[in-house]
Structures are given as structure tokens and as C-alpha cells.
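Chain naming here is simple, since letters A, B, ... match the order of the sequence lines and numbering starts at 1 in each. All values derive from a computational prediction rather than experimental measurement. Any value given below was found using the heavy atoms of this structure, including those in side chains, with hydrogens, waters and symmetry copies removed.
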Amino acid sequence: MIDPKLLRDEPDRVRAAQAKRGLSDDVVDRALSADSARRAAIVEFERFRGEQKQLGKLIPKATGDEKVALLEQTKKLAASVKEAEAAQAAAEEEWSTALRSIPNVAADETPAGGEDDFVILETVGTPRDFAAEGFEPRDHIELGKLLGAIDIERGAKVSGSRFYFLTGVGAQLELALINLAMDQAREAGFTQMIAPSLVKPRAMEGTGFLDQAADDVYRVEGQDLYLVGTSEVAMAAYHSDEILDGATLPRRYAAFSPCFRKEAGSHGKDTKGIIRVHWFDKVEMFVYTTLEDAAAEHERLLAWEKEFLNKLELAYQVIDVAAGDLGPSAMRKFDCEAWIPTQGKYRELTSASNCTDFQTRRLDTRGRFEDGTKPIATLNGTLCAMTRTIVAVLETHQQADGSVRVPEALRPYLQGREVLEPLGG
RNA sequence: GGAGGCGUCGCCUAGUCUGGUCUAUGGCGCCCGCCUGCUAAGCGGGUUUGGGGCUACAACCCCAUCGAGGGUUCAAAUCCCUCCGCCUCCGCCA
């Protein structure tokens, strides 16, 4: 939720922000008029209510005819109060709906436009030249089979398309990645967390996932619970309805959880392999900090993501995601896209978002500072999304014989193994 | 799943039976001031959160807020209903 004050004081800035995302600014006027209607309704209600309270005080002292008259008067007033209260509630509702449908105001630095209007900030490493090395790279599906690491057929048999089993060395690889990520996070001062992947509607709404992305969210039948698409959801709601001591900020959490996505609307995209699946596990960085520090923290999250990708010796580029592709919560987003050899392109592996006070306003999380209670910011960034990372590692570090070289940083987490060998026979 | 108990402004707590000076008591903690070689103690004051009015976004005034939502009533922390959470016991279970 954006700051209502910003809407009131600088509606043109909000209009411009809508345009930058390619959205209509009708909602701005709707929200503005709802706001003034709401305030009028509040004044009305408070006038009646105040009068009612004043008269109510006289009743216990009154006697006889005086009391009868008072009771008659207050009875009428009670009806007005009730009516005004209902009108106020309706006005609040309309205002809140309008306000909530306005996404976060993108940062000045965020490129305008949609999905294709991103700006490449940096390219790290060089994609391997398999032609020069004299062999055709195998895709992760084939490598997964050779190594006995990924069982997609049985994933489909048991759970349907876009599911998989990680088997043997594949399972070990995920556990190694989790531990590498968690160790890095712990060393950087993060509190390690294992977060629930089923959450109440409040958490889902609060993080903005019931807006545009609603179609992508699994809802549990008959249970008023949702499966999270990222532990960001649980972590943003973790401190809901709390006022955090400003001195404890930034609070940095590294949360592990499975993630579930319907992938509605992506039929036909990435239908093979484990690039796009309905479930995967992820270690996510989640930070609560001050609004003043948020932009700097965003850069730090990106730095930690790069550090992790560097450990895995991957080639990648960092992009500044365009406004139209930010999602409702973020005001700026950096994606790290790793080179996938058999696709001949960079694919998103991690994503770091600065959500400023958009989520904390919805979830009632604030900070107590010397100069008062103020809104605070949340940020999130992927440290390691297992499936796509496994794809990148296998394909990038494969060798002509179908074996895969283990990046050095990962070896301590794989019993010192330097190479993953194809299964015999 | 069954039975019972509990939920008060940071923490503890009074108030709920018997609705109305509850404008929610007291203590602890915290903040400001006084006092004071320093510290402690003592004394005085302040200390939920959200919203609105008016404005300099101050001060001030007002409304809401006693787990949440309804209801009864002129009036609800207090009575009634529903829900949520926590605790105890039983059952079940990894």
C-alpha cells in the first residue's frame, strides 16, 4: 500500500508512476475522491458519536421527566450514530480498495516500460564456448539422467507435469546448495529460518500476491490457506502487527521453504526439464530496515547474490527490471540471470526487490525510533532457488563424457567430490 | 477430535459476577525535569496504537481502540453469540 499522504499531496507523482508501469491512472482519481468521501463520513460519524457520549454522561444523574426526555433524545441519536457508522465503514472500504490497487511507486532509476525494457547493469563471467572445446553440450535433462540426479518421468507419473524427483547425487546437490547458501547467510549475519509454506490470506494479500499474480497461487481446498510461491510471504508477515525497536534494524533473515507456483499462463513455456516447475525449494534473504537505508540494503542483497553465483562459477548478467514487470510490491528490482548453455541465453536465477513500506503498511509493521513510530521497509532477494541453480551448474560445468565438474566452493558440501560421474552401465 | 481455563494501552496487574465519574487501576520498565561532589535513592510529570479536525505536518481538540467480528442497550472492558489464539487434561499422531 502506498502512503495515503503521497496520494493526497502529490497525486501527479502517482499518476506518472502508473504511466511508467503502463497502467491507467483512473484509480488515482477514484482513490482521491474516495479519500475525501471517507473523511467527510468520519467527520459526520464523530459529530454524532461525540454528542451521544456527552448526553450519555447526563443520564445516570438525571431523574424523572428529565431522564425520560433524555432517553428519548439519545435513542434517536443512537440511530443516527449507527447509520453514520455504517456509512463511514462503506467509505473506508471503498477508499481502501482503491488505495490497495495502486502498486508501489517505482524508483526514479527503474526503467520505464514492460518485460523487455530492462536495462543490463553488468555482465559477469563469459559463457563457455562449447564449440571451441569441441563438443555439443547436453541439456540438464540428459545430464540429470546420466548422473541419476533428476527423475522427471516419475515426477510426472506421481504428481503431473512440471514435477520431478531429485535422486541420489541430485538430492545431494540440493542439500549442498542449501548448506552453502545458509552458511554464507549465517556468516553475513543473517538469522537462519525455516518458514511455513502454508499461510493465511492476510499474508498473501499483504505481500501483494493476490493482485496480479493471484492466478499463480495455489489455494488449499476448503482451508482458507494458501501455498506460498516464496518464503517472502511468510517472512513479510512474520512481524505483522508489530512495532520493531529501531535499534534492532536491519533485521536480516535467511529463510528456507518450498515454493509453489501454478504457472498459469505459461503453457508451452519451458515445458521440459526443471526450469519452470510447480514446486521447488529456495533459500531467500529477507530484510526489515529503515526507509533511508533500503536502497543501500538493496545493493547489499544484490552483492550477496552475486557472491553466491560467483562461488558456483556461473556466467550471468544483472538486469534492472522495468517498472511494468516489478510486481505490485517492488519499487526496484534486480534480477541475476545465469547463462544456460543449451538455451543460448540468460535465464533468471535470482531476484532482489526493494519493497520500501508497501508491504509493511499492509501488514502493520512499523519501527519505533527516537523521533517516533514510523514506517519501515522490507526487501527480499533470492540466495538460491534450487532447481534453476541445479540446471545452471550442471549445464555450465559439464564435460564431454557427461560428467560434471563440481565448483570448488561446493566441494566441502559434497564430501570433497570434484566431479559428478555418470552412473555406470 | 473431546472437556475445561484464559486473552486488559512494552511486561505484570485491578476492574467483568452487580453495565453508567472506567476519562481503564496500581507496580515494573522507559523518557523528561527537580534535587544532588558522582551514582543510587527520593520527589514531580510523562509514557498504547490508529484516524479525523484545526494547523506550521507544532500545540490543542475530537473519535476509535480492553484478542477479532457481530448483537442487546440511551450507554458495553463488563451481558449474549460466532470466530481466533494460548494454557491444562484426555484421545490420536510424525
Quiz prompt | Euclidean distance, atom NZ of residue K200(A) to atom C1' of A68(B) [Å, nearest integer] | solution = 10 Å
Quiz item: Is it the case that Q18(A) and R15(A) place a side-chain donor and acceptor less than 3.5 Å from each other?
Solution: no
Self-check item: Phosphate OP1/OP2 of U49(B): any T373(A) side-chain N/O under 4.0 Å
Solution: yes
Practice problem: Please determine, for C89(B), whether a Watson-Crick or G-U wobble partner exists with both distances under 3.5 Å, and give it or none. | Solution: G2(B)
Practice problem: With heavy atoms under 4.0 Å as the rule, sort L55(A) into base, sugar-phosphate or nothing. | Solution: nothing
Quiz item: Have T289(A) and E297(A) got a donor and an acceptor in their side chains that come within less than 3.5 Å?
Solution: no
Report all side-chain donor-acceptor pairs from residues 221-235 of chain A shorter than 3.5 Å, counting only partners two or more places apart or in another chain.
| residue | atom | partner | partner atom | Å |
| --- | --- | --- | --- | --- |
| D224(A) | OD1 | R219(A) | NH2 | 3.1 |
| T230(A) | OG1 | E232(A) | N | 3.1 |
| T230(A) | OG1 | K282(A) | NZ | 2.8 |
| E232(A) | OE2 | Q359(A) | NE2 | 2.8 |
| E232(A) | OE2 | N380(A) | ND2 | 3.3 |

Practice problem: Answer with base, sugar-phosphate or nothing: what part of the nucleic acid does L71(A) contact at a heavy-atom distance below 4.0 Å? | Solution: base
Quiz item: Reading nucleotides 58-65 of chain B 5' to 3', which nucleotides get B (base under 4.0 Å from a protein heavy atom), which S (sugar-phosphate only), which -?
Solution: ----BBS-
Practice problem: Examine U49(B): is either OP1 or OP2 under 4.0 Å from a nitrogen or oxygen in the side chain of R368(A)? Give yes or no. | Solution: yes
Quiz prompt | Other residues, nucleotides, ligands: >12 heavy atoms within 6.0 Å of E83(A) CD | solution = no
Quiz item: C30(B) pairs with which nucleotide, Watson-Crick or G-U wobble, both distances below 3.5 Å?
Solution: G46(B)
Quiz item: Expressed as a whole number of Å, how far does the C1' atom of G67(B) sit from that of C6(B)?
Solution: 11 Å
Quick one: side chains of residues 369-377 of chain A, donor-acceptor pairs under 3.5 Å with protein atoms, not counting sequence neighbours, listed by atom name and distance.
| residue | atom | partner | partner atom | Å |
| --- | --- | --- | --- | --- |
| D371(A) | OD2 | K374(A) | NZ | 3.4 |

Do any side-chain atoms of residues 3-10 of chain A form donor-acceptor pairs under 3.5 angstrom with protein atoms, and if so which ones, sequence neighbours left out?
| residue | atom | partner | partner atom | Å |
| --- | --- | --- | --- | --- |
| D3(A) | OD1 | K5(A) | N | 3.0 |
| D3(A) | OD2 | R361(A) | NH2 | 3.4 |
| R8(A) | NE | D35(A) | OD2 | 2.8 |

Practice problem: Scan residues 157-174 of chain A for pairs that pass side chain to side chain donor-acceptor pair (under 3.5 Å), counting only residues two or more places apart or in two chains. | Solution: Q172(A)-R417(A)
Quiz prompt | G52(B) OP1/OP2 closer than 4.0 Å to side-chain N/O of R38(A) | solution = yes
Quiz item: Atom CD of Q223(A) to atom C1' of C84(B): distance rounded to whole Å?
Solution: 15 Å
Exercise. Just jot down the salt bridge (charged side-chain N to carboxylate O under 4.0 Å, His left out) partners of E46(A), sequence neighbours excluded, or say none.
Key: none
Quiz item: What's the closest nucleotide to the Q52(A) side chain, out of G20(B), G51(B), A75(B)?
Solution: A75(B)
Exercise. Quote, to the nearest angstrom, the P distance that separates G15(B) from C22(B).
Key: 15 Å
Practice problem: Please tell me which of the listed nucleotides, G52(B), U49(B), U72(B), lies nearest to the side chain of I243(A)? | Solution: U49(B)
Exercise. Could you check which residues of residues 356-367 of chain A get a heavy atom under 4.0 Å from RNA chain B? Sort them by number, please.
Key: R366(A)
Self-check item: Pairwise P distance, C54(B) and G70(B) [rounded to whole Å]
Solution: 28 Å
Quiz prompt | Test side-chain contact (heavy atoms from CB on, under 4.5 Å) applied to D183(A) - qualifying residues, sequence neighbours left out | solution = R186(A), E187(A), Y413(A)
Which donor-acceptor pairs under 3.5 Å do side chains of residues 85-93 of chain A form with protein atoms, sequence neighbours excluded?
| residue | atom | partner | partner atom | Å |
| --- | --- | --- | --- | --- |
| Q88(A) | NE2 | E92(A) | OE2 | 3.2 |
| E92(A) | OE1 | R38(A) | NE | 3.1 |

Quiz item: Phosphate oxygens OP1/OP2 of C22(B): is one of them under 4.0 Å from a side-chain N or O of K57(A)?
Solution: no
Quiz item: Can you tell me the Watson-Crick or wobble partner of U73(B), both distances under 3.5 angstrom?
Solution: none
Quiz item: Using a heavy-atom distance cut-off of less than 4.0 Å, which residues of residues 94-104 of chain A contact RNA chain B?
Solution: none
Quiz item: Does R202(A) place a side-chain N or O at less than 4.0 Å from the phosphate oxygens OP1/OP2 of A68(B)?
Solution: no
Exercise. Determine which nucleotide pairs with G37(B), using a 3.5 Å limit on both distances of a Watson-Crick or G-U wobble pair.
Key: none
Quiz item: Once you round it to whole Å, what is the distance between C1' of U55(B) and NZ of K5(A)?
Solution: 12 Å
Quiz prompt | Pair assignment for C22(B), Watson-Crick or G-U wobble, requiring both distances under 3.5 Å | solution = none
Quiz item: Tell me: CD of E85(A) to P of A75(B), nearest whole Å?
Solution: 11 Å
Practice problem: With C1' as the reference atom in both, quote the distance from U78(B) to G7(B) in angstrom, rounded to an integer. | Solution: 15 Å
Self-check item: Selection from U72(B), G20(B), A75(B) that lies nearest to any side-chain heavy atom of A78(A)
Solution: A75(B)
Exercise. In whole angstrom, give the distance that lies between atom CG of D241(A) and atom P of G50(B).
Key: 12 Å
Quiz prompt | Atom C1', compared across A77(B) and U65(B): separation rounded to whole Å | solution = 11 Å
Exercise. Send over the distance from I59(A) CD1 to U21(B) P, rounded to a whole Å.
Key: 12 Å
Quiz item: Any donor and acceptor pair, going by atom type alone, linking the side chain of D357(A) with main-chain N or O of T360(A) inside 3.5 Å?
Solution: no
Self-check item: Set of ring-ring contact (aromatic ring centres under 6.0 Å, His included) partners for F308(A), sequence neighbours left out
Solution: none
Quiz item: For V419(A), which residues count as a side-chain contact (heavy atoms from CB on, under 4.5 Å) partner, sequence neighbours excluded?
Solution: Q399(A), S403(A), E421(A)
Self-check item: Nearest-angstrom distance from the residue atom CZ of R39(A) to C1' of U55(B)
Solution: 13 Å
Quiz item: Taking N179(A) for the side chain and A176(A) for the main chain, is one N or O donor matched with an acceptor at less than 3.5 Å?
Solution: no
Quiz item: Just checking, any donor-acceptor pair under 3.5 angstrom between side chains of D335(A) and Y316(A)?
Solution: no
Quiz item: To the nearest angstrom, how far is K82(A) atom NZ from C74(B) atom C1'?
Solution: 12 Å
Self-check item: C1' spacing across the pair C89(B) / U73(B), given as an integer number of angstrom
Solution: 39 Å
Quiz prompt | Separation between the C1' atoms of G44(B) and A24(B), rounded to whole Å | solution = 23 Å
Quiz item: Using atom C1' of each nucleotide, how far apart are C31(B) and G10(B) to the nearest Å?
Solution: 13 Å
Quiz prompt | Closest-nucleotide 5' rank along RNA chain B - winner of D9(A) and D35(A) | solution = D35(A)
Quiz prompt | For A94(B), the Watson-Crick or wobble counterpart (both distances under 3.5 Å) | solution = none
Quiz item: Toward the 5' end of RNA chain B, which comes first, K75(A) or Q88(A), by nearest nucleotide?
Solution: Q88(A)
